Amino acid sequence: MIALLARDLKLSMRAGGGALIGVLFFMTVVAVIPFGVGPDLNLLARIGPAILWIGALLASLLGLDRLFQAEREDGSLDLLLMQETPLVLTVFVKCLAHWLATGLPLVIASPLLGLFMNMDEVAIGATTLTLLVGTPAITFIGAAGAGIAVALPRGGLLVSILVLPLAIPVLIFGVSAVYAAIQDPAPFLPPFLILVALNLFFAVIGPVAAAAALRLSSD
Amino acid sequence: MRLVAEGLSARRGEDLIFRDISFEIAGGEALLVKGANGSGKSTLLRVLAGLLAAEAGTVRLLAATQPVERLGEAAHYLGHRNAMKRELTVEENLTFWKAFFGDFAGGAGVCVDEAVDTVGLGGIAHLPFGYLSAGQQRRMAMAKLLVAWRPVWILDEPTAALDVAAERMFAGLVTAHLSRGGIAIAATHQPLGLEGLRELRMTGFTGAAETVW
């Protein structure tokens, strides 16, 4: 399993791996917002957390369709399916590698982008923390979509559409936790803990669903 | 160890590809699946590997060194595609598969260097897999069979894209595998150069397959 994790991380760093595509997309989206919205610093600070979260959500969806498709194209998927190792575990490790390569850079980049949006330290900290907890959930949900669309030649958009409704709760609780941190009366913990719960929930459901979809898709 | 297939049928979409195929192979024996293009050879092998659900029938591995639920767990599958990453070097690819496969009880795989030497490509294991020619890629995919021990080899057109010398080399690999008590099932048009083969002739489409021993 560690071998699989190491291989997937290595692959994402090599040419065509696309580890940086997501974070570049994230930076592009957030960097153009101030130009579009205008130089109203208060407005930027207010919408900042939401923009960061939406950018991170879309950026995480970007490379998801390749999660299993690349394995299928070169025949590796067949061998992964055949092993005694539970497929759910294999899928979980692949998700983990995918998140480390594409999700974690988003989290690391978010403080910098928070400065672009004129957010204060508390807001930046809260956004980074919620992204750290929330983006794995998006990857796990996306794995289910990627498993369903694995046999489709242009499954990228389909994966996003399949996955987006399930990712909406993550977005809602992620953003509301950040706002709770910066606006006084609302408590931070309840939405944040729900976000953690969503993450754990999808960490179980996502790989199970993806494994079932992969078993059915093989032809 | 015996591999027993009973009454296998498979369907793709609406069409029944083959019906009621039964055979039994003991350790040390090889089964050659022959037939025209589209007669269902690949489908049969994918059913055996557990990658495609059988419409009817069962495949069992009896008296194996460790109990198996599906034959796939005890088998190497060499399909049309090589299952190697173009971006990684040959060595990285093989090291990964060696670690990921693990050895089946009752045998041990050879180390990566030795496997590469055995397929006759020692010295180029540091190159990215994508740099190799089609024949070299196929040979490296065969090295994958050696790095981890599996008693059953399921081979789909193993010698496509290979020159005559490589075909002979591959026949040697299969012979060595059989002499260790393994089982090989191969779909191929070329004679593999093996002695004492049993043949399964697929007639396709009509659904009836006659077995010629």
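Hydrogens, waters and symmetry mates are skipped; everything else that's a heavy atom, side chains included, is used. As the structure is a computational prediction, the values presented were derived from the model and not from experiment. Chain letters run A, B, ... following the sequence lines, proteins first and then strands; every chain starts at 1.
- For a residue to count as touching a neighbouring chain, one of its non-hydrogen atoms must lie under 4.5 Å from one of that chain's; by this rule B/F101 touches chain A with backbone and side chain alike.
- Of all heavy-atom pairs spanning B/A99 and A/A3, the tightest one is CB-CB, 3.5 Å.
- The line from CD of B/E87 to NZ of A/K10 is 12.5 Å long, rounded to the nearest 0.5 Å.
- Between B/Q66 and A/E84 the shortest side-chain heavy-atom distance falls below 4.5 Å.
- In this structure, chain B has heavy atoms under 4.5 Å from both the backbone and the side chain of A/E71.
- Using a 4.5 Å cut-off between heavy atoms, B/K144 contacts chain A through its side chain alone, with no backbone atom that close.
- Note that the CZ atom of B/F96 and the CG atom of A/L5 stand 10.5 Å from one another [nearest 0.5 Å].
- Side chains of A/L79 and B/F100 form no contact here, defined as non-hydrogen atoms less than 4.5 Å apart.
- For B/R2, the CZ atom sits in a loose shell: 12 or fewer heavy atoms of surrounding residues, nucleotides or ligands are nearer than 6.0 Å.
- Atom CG in A/D78 sits 10.5 Å away from atom CG in B/D156 (nearest 0.5 Å).
- Screening B/R81, B/R86, B/K85 for a side chain to side chain donor-acceptor pair (under 3.5 Å) involving A/D74 leaves a single residue, B/K85.
- Most heavy-atom pairs under 4.5 Å with chain A, from the set B/T43, B/L88, B/T95, B/V68: that is B/L88.
- Atom CG of A/L115 has more than 12 heavy atoms from other residues, nucleotides or ligands within 6.0 Å.
- Both the backbone and the side chain of B/A75 come within contact range of chain A, each with at least one heavy atom under 4.5 Å from a heavy atom of that chain.
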Legend entry - Pair B/E92-A/R14, side chain to side chain contact (heavy atoms under 4.5 Å, CB included): steps then yes or no: CA-CA 13 Å; B/E92 285 169 333; A/R14 297 283 159 89; 3.0 Å; yes
